[in-house]
There are 2 protein chains.
Amino acid sequence: MKISTKGRYGVSAMYDLALHYGQGPISLKSVAQRQGISEHYLEQLMGTLRKAGYVKSIRGAQGGYTLTKDPSQITVGDIIRIMEGPIAPVDCLLTDAAHNEYCARAQICVTRGVWAKVRDSIDSVLDSISLADLAGEEKA
Amino acid sequence: MKISTKGRYGVSAMYDLALHYGQGPISLKSVAQRQGISEHYLEQLMGTLRKAGYVKSIRGAQGGYTLTKDPSQITVGDIIRIMEGPIAPVDCLLTDAAHNEYCARAQICVTRGVWAKVRDSIDSVLDSISLADLAGEEKA
DNA sequence: AATAAATCCTATCGCAATAGTCGGAAAAGC
DNA sequence: GCTTTTCCGACTATTGCGATAGGATTTATT
């Protein structure tokens, strides 16, 4: 039950961008230094966030990244789901109980309900926290 | 954010034992067949549960496993923590914020609070479900 | 006493994912 | 033209998962 560095670094980087929201493009290099992340590795992660539409990039000297939305409009859950895929403590939850791709017993499985409750609980926590919350701002 | 088969199989096996609680020792072979688990792999998992004191074993012909407590006294959280280690979405939570073994920035880390909330939420769900709940019994 | 049914124990192993690294191409400001 | 920066694809080392293998030990049954 671990969150990988993809998710953690993704949130850290987005939090950093939130802190500098409205200040023009922020270079990956500075984000990586402040957050203590390998710059080259962070590049890959930002590519994912860019393709998902959460950040936009400006290439060339003095370029960098900016959030595409106000920090209050992006939740930690958004970021985690992009970086790690859908939150599902077991793969079985990714498909309907009937005709389940991962488990023929899904319909009669007693434990499946447990994992569904865990998933809902995680989703609920992560979706309740926005980047603005992390940045300590209240731009409703 | 996945639960491994150790945790899942552990819960399934314990649920199976709960269904047969009070009926004498249940062989691993029958549990493995009913729950669709590799018998030999399940052996290892039961060893872990035995050492943790949640099941006891009777060796020899007609032997098997039984729960050491009433199903209402064992929660899914107990089993998951034994099988997978402490629930911590990030390793950083395994040590105090000051002098943290995994991250020098733990004290000033904004995201650490997020992961702590996630952990508490998972713990809360898992600890609220007992084997008796799964077995559909209410032996208070 | 022999057999069969079971748990117990240690070692090994293939696979996939994680967490990067590396090298360069392309874009844009100066 | 030079430097800064993003962009892209390929490669790699380590780790843990999910087993499998092979036997040793214990006990009920015949």
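Numbered from 1 within each chain, the chains take letters A, B, ... in sequence-line order.
Following rounding to the nearest Å, B:Glu43 (CD) and D:dA24 (C1') show an atom-to-atom distance of 12 Å. The separation between A:Ile26 atom CD1 and D:dT4 atom P is 18 Å, rounded to whole Å. Between A:Leu28 atom CG and D:dC8 atom C1' the separation is 14 Å, expressed in whole Å.
Between the side chain of B:Asp96 and the backbone N or O of B:Ala98, no donor-acceptor pair lies under 3.5 Å. In this structure, B:Thr111 contributes its side chain and B:Val114 its backbone to no donor-acceptor pair below 3.5 Å. The backbone N or O of B:Ser4 lies less than 3.5 Å from a partner atom in the side chain of B:Glu84, making a donor-acceptor pair. A donor-acceptor contact shorter than 3.5 Å is absent between the side chain of A:Arg8 and the backbone of B:Val90. Looking at A:Asp123, its side chain never comes within 3.5 Å of a backbone N or O of A:Asp120 through a donor-acceptor pair.
Rounding to the nearest 0.5 Å places CZ of A:Arg112 at 9.5 Å from CD of A:Gln107. In this structure, the separation between OH on B:Tyr21 and NZ on B:Lys69 is 10.5 Å, given to the nearest 0.5 Å.
When side chains are defined from C-beta on, A:Tyr65 does not count as touching A:Val31, because their heavy atoms never get closer than 4.5 Å.
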Handout entry: Full working for side chain to side chain contact (heavy atoms under 4.5 Å, CB included) between B:Met14 and B:Val11
Key = CA-CA 5 Å; B:Met14 291 293 275; B:Val11 173; 5.8 Å; no
Problem - Stepwise side chain to side chain contact (heavy atoms under 4.5 Å, CB included) test for A:Ile129 and B:Lys117 - result: CA-CA 10 Å; A:Ile129 305 172; B:Lys117 281 186 189 168; 4.2 Å; yes
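In terms of position on DNA chain C, the residue among A:Thr5 and A:Gly60 whose nearest nucleotide sits closer to the 5' end is A:Thr5.
Side-chain N/O atoms of B:Tyr9 include none lying less than 4.0 angstrom from OP1 or OP2 on D:dG18. At D:dT6, none of the side-chain N or O atoms of A:Ser27 fall inside 4.0 Å of OP1 or OP2 (strictly under the cut-off). At D:dC17, one or more side-chain N or O atoms of B:Lys6 fall inside 4.0 Å of OP1 or OP2 (strictly under the cut-off).
Read 5' to 3', the first and last nucleotides of DNA chain C with an atom closer than 4.0 Å to a heavy atom of chain A are C:dT18 to C:dG29.
Residues from residues 32-42 of chain A with heavy atoms under 4.0 angstrom of DNA chain C, sorted by number: A:Ser38, A:His40, A:Tyr41. Proximity of residues 100-118 of chain A to DNA chain C (heavy atom under 4.0 angstrom from any strand atom) is not detected for any residue.
Backbone-only contact: B:Gly64 has heavy atoms under 4.0 Å from sugar-phosphate atoms and none from a base.
Remark: the A:Arg59 side chain and the D:dT6 base include a donor-acceptor N/O pair separated by less than 3.5 Å.
For A:Asp127 and A:Arg81, the salt-bridge test passes: some basic side-chain N is under 4.0 Å from an acidic carboxylate O.
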